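Throughout, a chain's letter reflects where its sequence line sits, starting with A, and its residues are numbered from 1. A quick note: this is a predicted structure, and the numbers were derived from the prediction, not measured.
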Number of protein chains: 2
Amino acid sequence: MVATSLSPLAPAGFPELPAIAGVKLHTATLGIRYKGRPDVLFAELEPGTQVAGVFTTSTTASAAVRWGREALKGGTARAFFVNAGNSVAFTGKAGEKFVADKVECAAKALGCAKNEIFTASTGVIGEPTTATRITDALDDILANDAGWLDAAKAIMTTDTFPKGASATATINGTKVTIAGIAKGSGMIEPNMATMLGFVFTDAALPHSVLQALLSDCNNRSFNAITVDSDTSTSDTLLLAATGKAGNDTVSDANDPAIAEFKDALEGVLRDLAHQIVRDGEGASKFITVNVTGAVNEKEAKIAAKAIANSPLVKTAIAGEDANWGRIVMAVGKCGVTADPNKLTVSIGGIELAKNGERVADYDEGPVEAHIKGQYIDIAADLGFGDGAATVWTCDLTHGYISINADYRS
Amino acid sequence: MVATSLSPLAPAGFPELPAIAGVKLHTATLGIRYKGRPDVLFAELEPGTQVAGVFTTSTTASAAVRWGREALKGGTARAFFVNAGNSVAFTGKAGEKFVADKVECAAKALGCAKNEIFTASTGVIGEPTTATRITDALDDILANDAGWLDAAKAIMTTDTFPKGASATATINGTKVTIAGIAKGSGMIEPNMATMLGFVFTDAALPHSVLQALLSDCNNRSFNAITVDSDTSTSDTLLLAATGKAGNDTVSDANDPAIAEFKDALEGVLRDLAHQIVRDGEGASKFITVNVTGAVNEKEAKIAAKAIANSPLVKTAIAGEDANWGRIVMAVGKCGVTADPNKLTVSIGGIELAKNGERVADYDEGPVEAHIKGQYIDIAADLGFGDGAATVWTCDLTHGYISINADYRS
């Protein structure tokens, strides 16, 4: 594996994150694969904590994901128990036992039901291992209180920086707080898989409402980023609500009382998702793709993803080349309703192509200036309807090849 | 644009191709973009030549493709009129006039209907131009008889070698001959778009039979290759049958009398398609992906394409890393019916993973030896049904990034 230096798109530093009442963070440094840094996170949650989750849609999902999908039906959580260094994905019965052992010892330690323990593992696929080292250390893990920074570091694999975000909102007059961490440096990383996100709030909201909010906000945050079009076998996003803020709760996800909370939640998820793109393997530029004028939102997202995943678009941006013909190509290939004569393509807010041809008085100067920056805006209006979607991605550089191809040479 | 040297996967040389009775090749060196090499091909066909074609499915297809789709309804062809250097795609009315002018002057010169003239253009997208330089030179073009090698060179853009293939077969006791040329170095290339293929035979077969054969064989040849998952706005494959062999014809594409011809045709198409992969941008290895055990052929092809298009699989091969976890990931992400416990993954004919985990006595030695070679075989058996498909691709290397990103720096 190549040593990777800090991403040029990394934020200035890890943000100050507020404590969330009802959440206790513990970490441990077990040296499972990484040395001298925490590699296990145990987020302990007060009894009665409501939980929501979304998982990879992969049909070859890891044992941890399959367990999580089942456990989620209970609607409550007492712990998120995460280890970095081995995803234990595609390891057959060994993987199932790994998860079962973690769940069993954690449930015993907390005196709770097994389906209140959620696990996640990130790292190499296909290397069978036992959970002994982790379960044997559980007492020490629980004795080691940690802050958000250590928690964010404990779940990293090839990430070049730890990722966190927070927000506050008001529900029925009561202030509530949201804080979360995430990891990922590709939708899947070299040998080490996975995007993981763990978000916590002290808001009092039932599982059903949390799940509806999380699924919806996820569509416009984590599900709207792509680094390399490859989807992990272990992607997991969990949201825990301890209820410690003591707000009057609601029973309907569309209740106006939680509109502000939903915005805040989406903001935290989007912030974390953007940090993953900013840590995308080899990334040198952060690209926002806006598609408008599609026949519906679904087609808008398909077109935006086609642009964001096109290796030719991504390499053009890496080369600081305003090669809009490749954007036309990407829209054309993805099968959504489109017509060259109705398509408008802009870069950096400047229209380059319209009505089936290059804009007559197109001045390359401002576009060239924009494309030399770190933040690139691509827009395509299909000219058909109101469907709109935004997708975020990074460019495709020699760094991506080095990280993913060079480390065996 | 970077200067590209001969692909390491190039064949030893251009093959000897037989003349096809009823086909006259003409080329010209007009210097439209490339200097010192032919850049226009005019393949003149005897009256009555039957034609079949398949075109890009892009919704932003070029004017030449849109003309070809219409003209094909007539079923006969007198010429394939091709220029390299400018695809004239996405140039609005200028592009339509470019095609119309080429068609009109060619039809006039041959004294035929306009819809017997098929055109193709390959090169930069979005740069409006006129056909004047080409149409003005038509007399000179027609006076310049050329061979297959010049014809294959005349349609190249960033290809590093000219591509040709031939075969013979017997129809109702009469020997018939097939010869074809193609170009392409990616499903779309840097700035210069397009995969083009032109295949000729002296067989006597009607348009309807030719079209059925071409569509079917195309699915297992050109439609089964991928370099970078990006689909051109100009992809065109045309098949002309002059009838000069004088065989007793058939009226049904399933007639056993043409089974041998169909095999020969598919062989020529597959050979040409493989040559395009071997000239894939930055390619250092030729990869064959075989998927079996899918619920049907369609799902097998989706899974094979997912493996062949995965940047993580392609970079792993480039790095000579038998990273089978990425193959599992690619199968899992593509949505076809799959189950980790039924999946078998092989590289170089050696099973690495089976029944949901790594093969117990897996010996990495022979797989490592295989993966250091130039020809890599990947196989995935999904364990569900009889669906099978083969897809060919190349690896993803620094060369791809250099060709597509570095040339503006």
### Interface moiety of B:A338 toward chain A, non-hydrogen atoms closer than 4.5 Å
both

#### Entry: Heavy-atom side-chain proximity of A:N404 to B:R326 below 4.5 angstrom
yes

### Which of A:T91, A:D339, A:V331 touches chain B most, by non-hydrogen pairs under 4.5 Å
A:T91

### Message
Within this structure, what is the CD1-OG1 distance for the pair B:I327 and A:T60, rounded to the nearest 0.5 Å?
### Response
12.0 Å

#### Entry: From B:T397 atom OG1 to A:H398 atom NE2, the distance as rounded to the nearest 0.5 Å
9.0 Å

### Message
Tell me which of these, B:G335, B:G92, B:G95, has more heavy-atom pairs under 4.5 Å with chain A than the rest.
### Response
B:G92

### Message
Rounded at 0.5 Å granularity, tell me how far CG in B:N341 sits from NZ in A:K93.
### Response
7.0 Å

#### Entry: Most contacts with chain A, counted as non-hydrogen pairs under 4.5 angstrom, among B:A330, B:P311, B:A89
B:P311

### Contact summary for A:A353 and B:F90, nearest pair of heavy atoms
CB-CE2, 3.6 Å

### Task
Would you mind checking which part of B:S310 comes under 4.5 Å of any heavy atom in chain A, side chain (CB onward), backbone (N, CA, C, O), both or neither?
both

### Message
Counting heavy-atom pairs closer than 4.5 Å to chain B, which one of A:V328, A:L343, A:I317, A:V336 comes out on top?
### Response
A:V328

### Query
About how many Å separate OG1 of A:T315 and CD1 of B:I403, when rounded to the nearest 0.5 Å?
10.0 Å

### Task
Name all residues meeting the side chain to side chain donor-acceptor pair (under 3.5 Å) criterion together with B:T57; count only those two or more places apart in sequence or in a different chain, and write none if there are none.
none

### Query
Do the non-hydrogen side-chain atoms of B:Y400 and A:I401 ever get within less than 4.5 Å of each other?
no

#### Entry: salt bridge (Lys or Arg N to Asp or Glu O under 4.0 Å) contacts in which one or both residues fall within residues 301-316 of chain A, not counting sequence neighbours
none

### Closest non-hydrogen atom pair between A:P340 and B:T59, with its separation
CD-O, 3.3 Å

### Message
Any non-hydrogen side-chain atom of B:E357 less than 4.5 Å from a side-chain atom of A:P128?
### Response
no

### Query
Are the side chains of B:T56 and A:M329 in touch, meaning some heavy atoms are under 4.5 Å apart?
no

### Summary
Highest number of heavy-atom pairs under 4.5 Å with chain A among B:C334, B:G126, B:A306 belongs to B:G126

